[in-house]
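Working notes, beginning with the structure itself.
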Amino acid sequence: MIRWTKIKAIATFEFLAAVKRPGYLITTFGMPLFMAAYAGIVALPAYYAEKKDREPSRFGVVDQAGILRMTGESQPGTASVPEEVQRALEAAGQRAAIDRFMQSTITFRPFADEAAARAALAGREVKGYFVLPPDYLASGRIDVYEPDTVNVSMSDARGELGTLIRGQLLNGRVDGQTAARVLMPVQTTRAFAVTRAGAVKDGGKMATIVRLVVPIAFMVLFLMSILMTSGYLMQGTAIEKENKVVEVLLSSANPDEILAGKLIGLGGAGLMQIAVWFSIVLVGMVGIVPMLLTSRLDIPWAALGLALPLFMLAFLFFGSLMLGTGSLGSNMREAQQLAMIWSLTAALPLITMGLLIKEPHGMVARVLTFVPFTAGPLVMLRASLDPSSLAWWEVVGAIGALSASIWVALRMGARLFRIGLLSAGARPSLREVFRQARASP
Amino acid sequence: MTILAFEGLSKNYGANPALRDVSFDVPSGEIFGLLGPNGAGKSTLIRILMDIIRPDAGTVRVFGEPRRREHLDRLGYLPEERGLYTKQTVADVMTYFGSLKGLTRGEARRRALEWLDRVELANVAGWKINRLSKGMSQKVQIASVLLSDPELCVLDEPTTGLDPVNVRLVQDLLMERRKNGRTTILSTHQMNQVEALCDRVALINKGRLMVYGEVGEVRRRYSLPEVRVRARGAIPPLPLIAEAVHEGDSTWRLRLADGTPPSDLLAALVRAGAAVERFDPLLAPIEDIFLRVVREERA
């Protein structure tokens, strides 16, 4: 018989003991600061690279074919589309296409001959230059000259030169709309997703991201909490073994109660830590909320609704097994090695993610839905990707399988836990574990 | 009234027997000495009582009924292999142990502070355990067990490492428990404590119950028929005296002839004109009984 007063006493003590630890406080509140500092260090070079990209880049052009008709150096943002073409595009209501081209920072400087262009490149006045040979129209060949050092912006300039050439070739020959489509055949896209029932939903990039982010976030969060909290669980048990308070505990509460109390108390501490981190991330990302609301996304409500109960059930299941197995170790390292098998099992859906996303309602996914080790993440994944094809009885079945397994895991974990707690010194052999499991009350 | 009864307890660890058909009662309101050499089976017996391990055979009855887990709230236990959470404060750890015995956190806290005062450690309530000396830590552990006022309490070597002043403090606490009708099982190797405190003893050796009974009765049972007499002048030769040994300073140890009660010898000595100043029947010390039983078993 489980006595809740005992569980409450143990859970309260374990929770308070964990959250008062300096290590816990440093990790909880220091980790976001560390991550922010790390992100800052990583972002700094990217920021300067991006700033550098915004500075005008000058390239030379030697137009031996005579098709560019350049009279002087082009200005940033107007380099690739001749003024006449811009006017035609504007008249045809294609302002968006012009705006797209205006973002360019590349300018082209015409050179009368290649020698002058080469001298300019040698003197690093330009980042490179292009030679359009006299037979360009027939051959389509362009010679590219660049410095003998790494030059990553040359390919961008080549794209811009292509637009410049297209603009000149189209100038006066086609109407504005046609010119806009030739210059930019795919200006914007709209994506839709069709369900098995034939319903059309938003299939845009954001919707796809949300559908994938929910189960992935669930799995990552789940794995993180399993690994972090099991660390606390095993640390707590190791301390009890070390401090010799085990017999006092066992003379007041049975192993089931101790296990449940520890799971709730230390699990709560672990979850609170993750909640703090996610709160900090959410506060940091608060700007994304209006964007989600205005983009009329198809939010996977079913998955979000199932997330917390599934998380708690899966956590109790894995926590019991990890604590029971881990307590057999004679020290922290051994305990972690023993409990590793459950960490790997918990990571299984993440490892097979590719297959599961491809066939969220295939045979593998359906079978794994009822396997307690994978039920939680699988229901989340399927409910996020295509809730209409996830039958209610599958959800009920998964929760049922998980609940029944928790009972077994608690019983098994408690027995292992008792054996682990009472065995001092070396790790008990498998035979000894079986013998003691039979003998324990 | 019997508060605890072991009935036919047996326990084996693999091929090694730890307990063999052990049966005895512990009367209520006594201090009961549980004796035995190392590895005799005392810890196994206590662990079975506390429901930490299961016996292979036999039953445990407490408070007049078969032992259930609910009874554990009324039992206290200070194991031999013991410790405290070193990173927690004294008051927090004691409150936790109290709440594990069914007290509310508030009540457990109140009693913890009260008991710290009783064991003269009121000033350390807020200290981390790892700041305590060994003796302080020992007293905190004893107070942690006693704060729930258990009806039956098992203390395994409670005074090891304590100075004489604190040994006396702990002994006073145990005697106070007895005065209040509480039962204490004292497992110890300090035989002087057994003689000073215990009402009854059980001696276990190699898993078997070897000796059981009231301390005085056990000592008489294992004593030779001897008396120590202090008298002015010589001891007259009497047929009731089988052997007389002069120990010096007017003191003799007299061995009585078979079947002679000490009172008959005293009367005969007085009749014979001996100036008897002191007459003490000699009881075997518990330590001697312990050694004798263990050596006989080994032999």
Side-chain angles (χ1 to χ4, degrees), chain A residues 1-24 235-258 261 265 415 418-419 421-425 428-429 431-432 434-441, chain B residues 11-15 18 43-44 46-56 60 67-89 92-105 108 128-130 137 141 144-145 148 150 153-154 156:
Chain A
M1 188 185 72
I2 294 277
R3 292 162 298 175
W4 287 102
T5 49
K6 305 280 179 192
I7 295 173
K8 190 182 152 201
I10 295 165
T12 307
F13 178 79
E14 295 289 352
F15 178 81
L16 292 175
V19 301
K20 283 182 193 168
R21 254 181 234 151
Y24 178 90
Q235 194 180 356
T237 310
I239 287 170
E240 270 158 11
K241 274 183 147 182
E242 199 178 299
N243 290 345
K244 297 173 180 172
V245 289
V246 169
E247 285 204 41
V248 175
L249 285 184
L250 286 172
S251 69
S252 302
N254 67 36
D256 296 15
E257 291 159 350
I258 299 173
R415 286 211 162 190
R418 179 194 293 263
I419 295 162
L421 289 186
L422 289 176
S423 61
S429 66
R431 194 175 160 191
E432 179 66 11
F434 277 119
R435 193 187 67 72
Q436 288 198 34
R438 278 210 319 274
S440 60
Chain B
K11 175 73 185 172
N12 296 305
Y13 292 119
S43 295
T44 300
I46 295 169
R47 283 177 167 191
I48 289 172
L49 165 64
M50 304 314 290
D51 201 24
I52 295 171
I53 55 174
R54 184 187 283 172
D56 296 334
V60 178
R67 200 268 336 279
R68 302 190 308 271
R69 286 217 64 93
E70 296 81 70
H71 290 136
L72 293 182
D73 280 357
R74 296 159 69 186
L75 306 181
Y77 178 36
L78 179 75
E80 188 184 8
E81 284 280 312
R82 56 183 171 245
L84 296 164
Y85 294 93
T86 53
K87 302 282 174 64
Q88 310 297 315
T89 66
D92 282 351
V93 172
M94 290 180 72
T95 303
Y96 178 45
F97 287 159
S99 58
L100 277 176
K101 286 294 177 192
L103 301 176
T104 62
R105 270 179 66 78
K128 292 264 175 73
I129 296 286
N130 54 15
S137 175
Q141 287 165 23
S144 299
V145 175
S148 64
C153 183
V154 182
D156 201 342

For I10(A), is it the side chain, the backbone, both, or neither that has a heavy atom closer than 4.5 Å to a heavy atom of chain B? both
Given a strict heavy-atom distance threshold of 4.5 Å, which part of S251(A) is in contact with chain B: side chain, backbone, both, or neither? both
Given L49(B), L84(B), T104(B), the one with more heavy-atom pairs under 4.5 angstrom with chain A than any other is L84(B)
Most contact-rich option vs chain A, by heavy-atom pairs under 4.5 angstrom, among R68(B), Q141(B), M50(B), K87(B), is M50(B)
Which atom names give the shortest non-hydrogen contact between R3(A) and E70(B), and what distance separates them? NH1-CA, 4.0 Å
What distance separates N254(A) CG from I52(B) CD1, expressed to the nearest 0.5 Å? 11.5 Å
Is there side-chain contact between [X] and [Y], with at least one heavy-atom pair below 4.5 Å?
{"X": "Y96(B)", "Y": "L249(A)", "result": "yes"}
{"X": "F97(B)", "Y": "V245(A)", "result": "yes"}
{"X": "P79(B)", "Y": "V248(A)", "result": "yes"}

Could you tell me whether E247(A) and R47(B) make a salt bridge, using a distance below 4.0 angstrom between a side-chain N and a carboxylate O? yes
Between K20(A) and D92(B) (salt bridge meaning N to carboxylate O under 4.0 Å), is one present in this structure? yes
Name the region of K101(B), side chain, backbone, both or neither, that has any atom closer than 4.5 Å to a heavy atom of chain A. both
With a 4.5 angstrom heavy-atom cut-off, could you sort out which part of R105(B) is near chain A: side chain, backbone, both or neither? side chain
Looking at L100(B), is its backbone amide N or carbonyl O close enough to the side chain of K6(A) to form a donor-acceptor pair, meaning the two atoms are under 3.5 Å apart? yes
Between A9(A), S252(A), A17(A), the one whose heavy-atom pairs under 4.5 Å with chain B are most numerous: S252(A)
